[in-house]
Amino acid sequence: MSWSRFIAVLQKEFRQMRRDRLTFAMMIVVPIIQLILFGFAINTDPKNMPLALVAADQSEFSRSFVAGLENSSYFRVTHKLRSEQLANQLLNQGDVQFVLVIPADFSRRLVRGEQPAVLLAADATDPGASGNAVAAVNDIGRQALSHDLKGVLSHLQVTNAPFEVRVQRRYNPEGLSRYNIVPGLIGVILTMTMVMMTGLAMTRERERGTMENLLATPVRPFEVMAGKIAPYILIGYVQVAVILLAARVLFDVPMIGSIALLSAALVVYIAANLAVGFTFSTIAKSQLQAMQLTFFFFLPSLLLSGFMFPFRGMPQWAQVIGELLPLTHFLRIVRGILLKGNGVSEILPNLWPIAVFMLVMGVLAMRRYQQTLD
């Protein structure tokens, strides 16, 4: 063992690490991001979930029940409507997580001891987002009216709630997690493979020396990007076809909506991820760096999109970051089409952010692309 030779090799490795600033930055930044996301952003027990209220009865009993729901911190009344149809439309679009319907004869039947029923409809496309809240409803109902049932009404304070809460788990009545996970895998797999394959394709040409031949041609940046992206769009559709076939045959996932509409939305989503990969290829100097950048983009997309953890359970700052990621919007699109039967009007609010992201990344990629070697 020669300490002089050992120190020489050690100095050489530190110099090489200093030159490869991207790899060194990833070694520092990725653990910090993981610490922040898992420590602060991830929450498996969502609170303050939006609820649309349709209260035909405006008695003190119904107001106490609604106040009890809000005081539990699980529910937050964001819409007060007179039409149950409008409330169901909000639930179908994903604007609210719950719909509470209180009938007009609620207080009259409650006073008579007839145990009236109220309806709580939950968006169960993500069972983990609403499970704890639904489980707490009956206890909330019993406790909320305890101070109102006094005097001649004290006999209604029995062990069970003086009224019945009928829960409807819409779009996934059995609460099967595969109905949520399998459609979401379409977006996750496309994000990982499309970004990685495109990033590696360009850096591979640079490493093999074939980039000089491409740069010597009169091909413009947009033409290069379009030519690189087009084959992978077809590969993306093949991947989606395999996943959908497995979802139907192996996992029995319902496909209520239009597959043609999903195919149209896929074009925008795949192109957005390919534009990200092309941008990374203009930054990375090697295939290793391209892989590192792919992981750097994939990790927040996986954790902040609502695929692994309930989106509404995250803090506000994490939701803001998640809204910037195309995977977040695509998960809402694919689950909405397959499980809810959403149409064009329902998916547009989530389709245009993906299109804007695609345009921004495409312009950035074209500006960074050089027609001559440095």
Side-chain angles (χ1 to χ4, degrees), residues 20-23 25-26 29-30 33 187-240 264-302 304-305 321-330 333 350-374:
D20 191 359
R21 296 180 180 179
L22 181 60
T23 301
M26 295 290 290
V29 173
V30 169
I33 291 178
V188 172
I189 292 175
L190 287 176
T191 298
M192 180 177 61
T193 57
M194 296 293 102
V195 175
M196 181 176 60
M197 287 191 299
T198 311
L200 292 178
M202 293 296 293
T203 53
R204 187 184 303 116
E205 288 193 4
R206 187 179 296 112
E207 288 183 346
R208 292 179 178 177
T210 57
M211 180 63 73
E212 290 87 344
N213 297 330
L214 183 62
L215 296 174
T217 65
V219 182
R220 297 186 178 276
F222 177 77
E223 296 166 347
V224 173
M225 186 173 68
K228 288 288 183 181
I229 285 177
Y232 296 110
I233 293 179
L234 179 60
I235 295 175
Y237 272 101
V238 173
Q239 289 180 325
V240 172
L266 278 169
V267 175
V268 182
Y269 181 68
I270 292 175
N273 283 286
L274 293 176
V276 174
F278 194 94
T279 303
F280 287 168
S281 71
T282 64
I283 300 173
K285 303 301 182 182
S286 65
Q287 294 185 63
L288 176 60
Q289 289 186 353
M291 289 286 293
Q292 292 170 341
L293 288 171
T294 299
F295 180 76
F296 184 77
F297 176 75
F298 180 71
L299 179 62
S301 297
L302 186 66
L304 298 181
S305 63
I321 297 176
E323 292 288 350
L324 300 176
L325 302 171
L327 180 58
T328 303
H329 300 280
F330 183 74
I333 291 174
N350 288 300
L351 187 61
W352 71 260
I354 302 177
V356 171
F357 182 89
M358 176 192 66
L359 292 176
V360 171
M361 295 306 298
V363 171
L364 181 62
M366 285 188 291
R367 287 191 174 184
R368 288 194 56 87
Y369 176 73
Q370 301 293 327
Q371 288 184 298
T372 58
L373 288 177
D374 294 333

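Note that the structure is a prediction, hence the values are computed from the model and not measured.
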**Message:** Is there a side-chain contact (heavy atoms from CB on, under 4.5 Å) between V188 and L327? Walk through the geometry before answering.
**Reply:** CA-CA 7 Å; V188 172; L327 180 58; 4.2 Å; yes
Gap separating the [atom1] atom of [X] from the [atom2] atom of [Y], nearest 0.5 angstrom:
{"X": "Y237", "Y": "L190", "atom1": "OH", "atom2": "CG", "answer": "10.0 Å"}
{"X": "S305", "Y": "E323", "atom1": "OG", "atom2": "CD", "answer": "11.0 Å"}
{"X": "I354", "Y": "L325", "atom1": "CD1", "atom2": "CG", "answer": "11.0 Å"}
{"X": "T279", "Y": "L364", "atom1": "OG1", "atom2": "CG", "answer": "5.0 Å"}
{"X": "T191", "Y": "M196", "atom1": "OG1", "atom2": "CE", "answer": "11.5 Å"}
{"X": "W352", "Y": "L359", "atom1": "CH2", "atom2": "CG", "answer": "12.0 Å"}

Validation row: [X], [Y] side chains within 4.5 angstrom (heavy atoms):
{"X": "M197", "Y": "I235", "result": "yes"}
{"X": "N273", "Y": "F297", "result": "yes"}
{"X": "F280", "Y": "F296", "result": "no"}

**Message:** Let's go through V276 and F298 carefully: what are the C-alpha distance in whole Å and the side-chain angles of both, what is the deciding distance for side-chain contact (heavy atoms from CB on, under 4.5 Å) to 0.1 Å, and is it a yes or a no?
**Reply:** CA-CA 11 Å; V276 174; F298 180 71; over 6 Å; no
Locate the shortest heavy-atom distance separating [X] from [Y]; write the atom from each residue and the value.
{"X": "T203", "Y": "S281", "value": "CG2-O, 3.9 Å"}
{"X": "V268", "Y": "M358", "value": "O-SD, 4.0 Å"}
{"X": "T294", "Y": "V195", "value": "OG1-CG1, 3.8 Å"}
{"X": "A275", "Y": "A365", "value": "O-CB, 4.3 Å"}
{"X": "M194", "Y": "L274", "value": "O-CD2, 3.6 Å"}
{"X": "L200", "Y": "A290", "value": "CD2-CB, 4.0 Å"}

**Message:** By the definition side-chain contact (heavy atoms from CB on, under 4.5 Å), identify the one residue from L324, L351, N350 that meets it with H329.
**Reply:**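 Exactly one option meets the side-chain contact (heavy atoms from CB on, under 4.5 Å) with H329, and it is N350.
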**Request:** Output all residues satisfying ring-ring contact (aromatic ring centres under 6.0 Å, His included) with Y269, sequence neighbours left out; order by chain, then residue number.
**Result:**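 Only F330 meet the ring-ring contact (aromatic ring centres under 6.0 Å, His included) criterion with Y269.
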**Request:** Could you pull out all residues at least two apart from T193 that satisfy side-chain hydrogen bond (donor to acceptor under 3.5 Å, both in side chains)?
**Result:**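 So T193 forms a side-chain hydrogen bond (donor to acceptor under 3.5 Å, both in side chains) with Q239.
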